[in-house]
Amino acid sequence: MHLILSAIIILLAVIDAVVGVGFLVNPAIAGADFGLTVAGNAGTSALRADFTAFFFVAALFMAWGAWRRRGELLLAPLALFAIAFTGRLINLLVEGSYDGWWLPMMVEMVHIVALALAIRAWPSRRAGF
């Protein structure tokens, strides 16, 4: 169980890192995959900074937590994906659906479930990293 959880979380971390690299290297194209358009240099800067940070931080802590099998390291990515899922759910309820609305929510839910299972299965250490 521990090995399977580690493998799933490492795989998700690699995917998130690749998405983060996409936003770092070419934010306009990566943003378009998320339904976003760039409005000048400020928009490019925001995509490059914010989305890269989201996916890199998630990937880093997921990989670190899975490698060390330490549940507390997975709290940050769990919070990121839970808030993202909640935002999408609110948007679905307020604005309605759009083509492919379910795919990003499914990806976020896979992250949430895997991270929550690992946090529950792996010990947390109170002192030091």
Side-chain angles (χ1 to χ4, degrees):
M1 175 75 166
H2 293 289
L3 182 63
I4 293 169
L5 270 175
S6 293
I8 290 168
I9 292 173
I10 291 288
L11 176 64
L12 292 172
V14 169
I15 292 167
D16 292 341
V18 169
V19 172
V21 168
F23 277 103
L24 185 64
V25 173
N26 197 334
I29 290 176
D33 291 341
F34 282 71
L36 303 170
T37 57
V38 177
N41 287 343
T44 304
S45 176
L47 287 178
R48 183 170 277 136
D50 299 339
F51 280 79
T52 301
F54 179 97
F55 287 106
F56 275 2
V57 167
L60 172 69
F61 279 88
M62 287 167 59
W64 188 13
W67 182 258
R68 304 287 295 169
R69 290 196 179 136
R70 293 191 35 201
E72 78 274 12
L73 296 173
L74 304 176
L75 290 172
L78 177 63
L80 288 169
F81 285 102
I83 292 167
F85 181 86
T86 302
R88 289 188 193 278
L89 182 60
I90 291 168
N91 190 72
L92 183 62
L93 296 172
V94 172
E95 302 288 333
S97 66
Y98 56 90
D99 288 339
W101 64 269
W102 57 271
L103 183 59
M105 290 182 78
M106 184 183 68
V107 169
E108 288 155 356
M109 188 52 68
V110 167
H111 278 79
I112 291 166
V113 169
L115 292 167
L117 286 172
I119 288 168
R120 185 145 174 93
W122 297 337
S124 294
R125 299 189 186 110
R126 298 228 182 246
F129 279 73

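Only this structure's heavy atoms are used, side chains among them; waters, hydrogens and symmetry mates stay out.
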So does I4 have more than 12 non-hydrogen atoms from other groups sitting under 6.0 Å from CD1? no
R69 vs L3 side-chain heavy atoms within contact, under 4.5 Å: yes
OG1 of T44 to CZ of F23, rounded to nearest 0.5 Å, is 11.5 Å
Rounding to 0.5 Å, atoms CG (L78) and CG (L73) come to a distance of 13.0 Å
Q) Transitively linked via ILVMFWY side-chain contacts under 4.5 Å: M106 with M62? A) yes
Exercise. If you draw a 6.0 Å radius around CG in D33, do more than 12 non-hydrogen atoms from other residues or ligands fall strictly inside?
Worked result: yes
What one should report as the nearest heavy-atom pair of L24 and R48 is O-NE, 2.8 Å
Q) Which of parallel (below 30°), tilted (30 to 60°) and perpendicular (above 60°) describes F54 and F81? A) perpendicular
For A121 and L5, the nearest pair of non-hydrogen atoms, with its separation, is CB-CD1, 4.1 Å
Closest non-hydrogen atoms of A59 and A17, given as atom of the first, atom of the second and distance, are CB-N, 3.8 Å
Would a single hydrophobic cluster contain both V94 and L89, if residues Ile, Leu, Val, Met, Phe, Trp and Tyr are joined by side-chain heavy-atom contacts under 4.5 Å? no
Centroid-to-centroid, W101 to Y98, below 6.0 Å?
no
query: Going only through I, L, V, M, F, W and Y residues with side-chain contacts under 4.5 Å, is there a path from I10 to M1?
result: no
Scanning both residues in full, the closest heavy-atom pair of A114 with I8 reads CB-CG2, 4.0 Å
**Asked** Side chains of V57 and P77: does their closest heavy-atom pair fall under 4.5 Å?
**Response** no
| said: Is there a continuous path of hydrophobic side-chain contacts, each under 4.5 Å between heavy atoms, that joins L11 to V18? | reply: no
Give a yes or no on this: more than 12 heavy atoms of other residues, nucleotides or ligands lie within 6.0 Å of atom CD1 of I29.
-> no
query: Is it true that V14 and L12 fall in one hydrophobic cluster, defined by side-chain heavy atoms closer than 4.5 Å?
result: no
When rounded to the nearest 0.5 Å, the distance separating CE of M105 from OG1 of T86 is 8.5 Å
Determine whether F51 and L36 satisfy the following criterion, side chain to side chain contact (heavy atoms under 4.5 Å, CB included), listing intermediate values before the conclusion.
CA-CA 11 Å; F51 280 79; L36 303 170; 3.5 Å; yes
Interatomic distance, CE@M109 vs CH2@W102, rounded to 0.5 Å, equals 14.5 Å
Legend entry - Candidate pair F61 and L80, rule side chain to side chain contact (heavy atoms under 4.5 Å, CB included), full reasoning: CA-CA 11 Å; F61 279 88; L80 288 169; over 6 Å; no
Only residue of V19, V21, D16 satisfying side-chain contact (heavy atoms from CB on, under 4.5 Å) with F56 is V21
Note: L115 and I9 closest approach over all heavy atoms is CD2-CD1, 4.3 Å
Taking every heavy atom of E108 against every heavy atom of A84, the minimum-distance pair comes out as OE2-CB, 3.6 Å
